[in-house]
Amino acid sequence: MRLGLMGGTFDPIHIAHLAVAEEAREALGLEKIVFVPAAMPPHKVDRPVSEPQHRRAMVELAIADNPAFEASRIELDRTAERRGRRRGR
């Protein structure tokens with residue numbers, strides 16, 4: 001299966017994200033585009049960013065009507081796992 005990955009803060013996700021993803025999918029012959037919300041965007045540490053679970057929910061709602069789009073929790077889960085290790089869990 002040919003996959004494309006689309007990472008970003010998605011705060012909020014908007015029509016341009018969806019249009020670029022669909023254009024890439026068609027141009028490159030991809031079967032799926034996986035949206036990967038960034039847990040802690042390193043380039044936005046000096047400004048407020050919505051909670052990761054809210055940005056993930058926005059992505060899920062935005063892509064719901066396109067069967068070629070899906071969302072991944074990998075960045076959100078990896079960050080939570082790292083926090084747990086630092087706390088000795």
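All heavy atoms count here, side chains included; hydrogens, waters and symmetry mates do not. FYI, the numbering just counts along the sequence from 1.
In this structure A57 satisfies the side chain to side chain contact (heavy atoms under 4.5 Å, CB included) test with no other residue, sequence neighbours excluded. Considering only residues two or more places apart in sequence or on other chains, K32 meets the salt bridge (Lys or Arg N to Asp or Glu O under 4.0 Å) condition with E70. Partners of A62 under the side chain to side chain contact (heavy atoms under 4.5 Å, CB included) rule, at least two apart in sequence or in another chain, are I13, L18.
Note on residues 47-67: no pairs pass ring pair (Phe, Tyr, Trp, His ring centres under 6.0 Å), not counting sequence neighbours. Screening residues 2-19 for salt bridge (Lys or Arg N to Asp or Glu O under 4.0 Å) gives no qualifying pairs among residues at least two apart or on separate chains. Pairs passing the salt bridge (Lys or Arg N to Asp or Glu O under 4.0 Å) check and including a residue from residues 46-57, sequence neighbours excluded, read R56-E60.
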Could you go through the side chain to side chain contact (heavy atoms under 4.5 Å, CB included) check for L76 and Q53 one step at a time? CA-CA 8 Å; L76 307 180; Q53 67 270 18; over 6 Å; no
Worked verdict on L3 versus E31 for side chain to side chain contact (heavy atoms under 4.5 Å, CB included): CA-CA 6 Å; L3 296 174; E31 294 174 50; 5.8 Å; no
Verdict with reasoning, E75 to D77, per side chain to side chain contact (heavy atoms under 4.5 Å, CB included): CA-CA 5 Å; E75 286 295 314; D77 292 344; over 6 Å; no
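One hydrophobic cluster holds both L30 and V20 under the rule that ILVMFWY side chains link at heavy-atom gaps under 4.5 Å. Both M6 and L28 belong to a single network of hydrophobic side chains, linked directly or stepwise wherever heavy atoms of I, L, V, M, F, W or Y lie under 4.5 Å apart. In this structure, I74 is a member of the same hydrophobic cluster as M1, with clusters built from ILVMFWY side-chain heavy atoms closer than 4.5 Å. Hydrophobic cluster membership differs between I33 and V36, with clusters built from Ile, Leu, Val, Met, Phe, Trp and Tyr side chains linked at under 4.5 angstrom.
Of all non-hydrogen atoms in S72 and P37, the two that sit nearest each other are O-CD, 3.4 Å. Between A71 and I63, the shortest heavy-atom distance links the atoms N-CD1, 3.6 Å. Nearest heavy-atom pair across A39 and P52 is O-CG, 3.7 Å.
To the nearest 0.5 angstrom, H17 atom NE2 is 5.5 Å from F10 atom CZ.
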